[in-house]
Number of protein chains: 2
Amino acid sequence: MIASRARGSLVMVDTREVSVYAGTTVFTRMPGGYRAGSLREIAQRVGMSEAGLLHHFKNKSTLLLAVLDHRDEQSRQIVNFDDADGVETLRALVKLARYNASIPGVIELFCTLSAEATSPSHPAHEYFLRRYEYVRESITVAFRRIADEGRLIREIDPYRAAVATTAMMDGLQVQWLLDPTSTDMADALAEFFRGYVRGYDLDALEQLLDARAAGSLVNGEGAGAVASL
Amino acid sequence: MIASRARGSLVMVDTREVSVYAGTTVFTRMPGGYRAGSLREIAQRVGMSEAGLLHHFKNKSTLLLAVLDHRDEQSRQIVNFDDADGVETLRALVKLARYNASIPGVIELFCTLSAEATSPSHPAHEYFLRRYEYVRESITVAFRRIADEGRLIREIDPYRAAVATTAMMDGLQVQWLLDPTSTDMADALAEFFRGYVRGYDLDALEQLLDARAAGSLVNGEGAGAVASL
DNA sequence: GTCTATAGGAGGATAGAC
DNA sequence: GTCTATCCTCCTATAGAC
């Protein structure tokens, strides 16, 4: 627990929670992100010593995982794969891509980290393995439903389509981060889906969802979390 | 210059050149790659002191750029965008993807580095900016030719198709590095092209190119360089 | 061109007091 | 739960001799 003054009144704050926020800030800051971010700085932001911080997280990797888990928890409140189905899921992903363009720092963390975590010894390796499996599985289900509705433009294996979709999202992020003028991630993704799904563009429906999504994203507590998808 | 014994005879080797090789080895080794790789180890591999190494490359970043430039020089000898045209270029990319699957270390370097280099202050930022522009431009030309031949399946802007292609290649790499069983990069890319190009699968032609490409890749001096594409 | 020596710093982590 | 003190490792880079 830490005592801090907010809006004039004394507030007790959970140290662990604050640390996760501070960790997020530091790890999402470029250049360097996780690797360059130091426990020293995080401790300083929390207003505590390094040793104090390490009492809660036994080392730097553990704190990283806590940060990632925290984002996931929030993501699930915003884009829930289990709720949506079929085309609706794809639309949500486009919406997500559009939103992501407003939080470059977080995107950069996930982009860099997922590349780094590629090696089995990286502290977040297991995390990303599970995450990609989950995302692919969810998108696979979406494509399977679209296929069942007979809306698939050409013969494709739902799983392969999911891999391609995931790849497209990741790849667009790299180009966009490097040069934001090079591509509009959301438009590019929508274009991609148009190649697979018959009648992907049902404008009225899309706009309805647009409005709904905009509302929830703006109000959503930790909307930034969506990036991790 | 450095004296070394190879095949029993005394050979003089250009130190700079050897340093670039050593740098490649160290920077492509995971985990950590460029960031984790130290001048200390590179110097040790070359068989000289850190100070000696820094005589040739004024700092670590400079050495990195030398490594990247060296790879590019070799790439150009293997996949030359200017030679191929239209569908042939796309096929070359698929071939490339297949080859890349045999050199995970190099792919990992480029994958990680392109994510890191996303921030303007990264030493390789300019390098990747130029590289992506070049690649997109080249692929744009290919799609433009395909469009001129009337082989485009649906209306798409050649530039957008190039962005999507680049994204697909990058994104597939991330998933593949994380879990090689998750996807076959080359197959996935070919599938992607099938959605754009009429008659992409002309088996005879493909096999002809297959053979030709296999030959040049196996014999090519620094075939690994292709990864940078 | 290459080496020795060393400056100068950052970062992760631990021990033990309070 | 938190702090002080401290250790140890590792790095980039420079100065100056050979």
Side-chain angles (χ1 to χ4, degrees), chain A residues 1-5 10-23 25-67 112-113 116-117 121-124, chain B residues 1-5 10-23 25-27 29-67 112-113 116-117 119 121-124:
Chain A
M1 285 289 208
I2 271 187
S4 86
R5 294 210 157 271
L10 193 63
V11 178
M12 295 310 250
V13 189
D14 179 45
T15 308
R16 218 192 117 87
E17 205 171 309
V18 176
S19 303
V20 170
Y21 279 109
T25 305
V26 172
F27 290 159
T28 57
R29 196 188 44 223
M30 295 294 147
Y34 169 65
R35 251 179 224 284
S38 68
L39 293 179
R40 208 150 282 184
E41 183 185 351
I42 296 170
Q44 197 180 343
R45 277 171 177 272
V46 176
M48 195 164 72
S49 70
E50 291 171 63
L53 182 60
L54 287 169
H55 171 72
H56 295 281
F57 308 92
K58 91 170 196 292
N59 54 34
K60 195 185 177 185
S61 322
T62 308
L63 175 54
L64 171 64
L65 292 180
V67 166
T112 312
L113 220 50
E116 269 182 28
S121 59
H122 192 283
Chain B
M1 285 291 205
I2 271 185
S4 88
R5 293 210 158 268
L10 192 62
V11 178
M12 294 310 253
V13 189
D14 180 43
T15 309
R16 216 192 119 88
E17 206 171 308
V18 176
S19 303
V20 170
Y21 279 110
T25 305
V26 172
F27 290 159
R29 196 188 47 225
M30 296 293 148
Y34 169 66
R35 250 178 224 282
S38 68
L39 293 180
R40 198 158 292 181
E41 185 185 349
I42 296 170
Q44 196 181 343
R45 278 171 175 270
V46 176
M48 100 178 158
S49 70
E50 292 170 61
L53 183 61
L54 287 169
H55 170 73
H56 296 281
F57 309 92
K58 90 171 196 291
N59 54 35
K60 196 184 178 185
S61 320
T62 308
L63 175 54
L64 170 64
L65 292 179
V67 167
T112 312
L113 220 50
E116 270 182 27
S119 40
S121 58
H122 192 282

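Fair warning: this is a prediction, and the values are worked out from it, not measured in the lab. Numbered from 1 within each chain, the chains take letters A, B, ... in sequence-line order.
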Counting side-chain heavy atoms from CB outward, which of C:dG1, C:dC3, D:dT2 is closest to B:H55?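 Of the options given, the side chain of B:H55 lies nearest C:dG1.
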Per B:H56 side chain, nearest of listed nucleotides C:dC3, D:dC3, C:dT2: C:dT2
Listed once per pair and sorted, the salt bridge (Lys or Arg N to Asp or Glu O under 4.0 Å) pairs that draw on residues 49-62 of chain B, sequence neighbours left out: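 The answer is B:R40-B:E50.
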List for me each residue that meets side-chain contact (heavy atoms from CB on, under 4.5 Å) alongside B:S49, sequence neighbours excluded, and say none if there are none.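 So B:S49 forms a side-chain contact (heavy atoms from CB on, under 4.5 Å) with B:A51.
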Test side-chain contact (heavy atoms from CB on, under 4.5 Å) applied to A:T28 - qualifying residues, sequence neighbours left out: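 So A:T28 forms a side-chain contact (heavy atoms from CB on, under 4.5 Å) with A:T24, A:V106, A:L109.
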Salt bridge (Lys or Arg N to Asp or Glu O under 4.0 Å) partners for A:E17, two or more places apart: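 So A:E17 forms no salt bridge (Lys or Arg N to Asp or Glu O under 4.0 Å) with any residue.
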With sequence neighbours left out, write down each residue that passes salt bridge (Lys or Arg N to Asp or Glu O under 4.0 Å) with A:R35, or none if nothing qualifies.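 A:R35 satisfies salt bridge (Lys or Arg N to Asp or Glu O under 4.0 Å) with A:E116 once adjacent residues are dropped.
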If the cut-off is 4.0 Å, is A:T15 near the phosphate of D:dT2, judged by side-chain N/O to OP1 or OP2?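 Yes, within the criterion.
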Of all heavy-atom pairs linking A:L39 and A:L53, the shortest is O-CD2, 3.8 Å
Take the protein atom CZ of A:F57 and the nucleotide atom P of D:dT2, then report the distance between them rounded to whole Å.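 Checked: the CZ to P distance equals 11 Å.
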In whole Å, I'd like the distance from the CD1 atom of B:I42 to the P atom of D:dC10.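 Nearest whole value for this atom pair: 16 Å.
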Per-nucleotide protein contact along nucleotides 9-18 of chain C, 5' to 3', at a 4.0 Å heavy-atom cut-off (B base, S sugar-phosphate only, - neither), is --BBBBB---
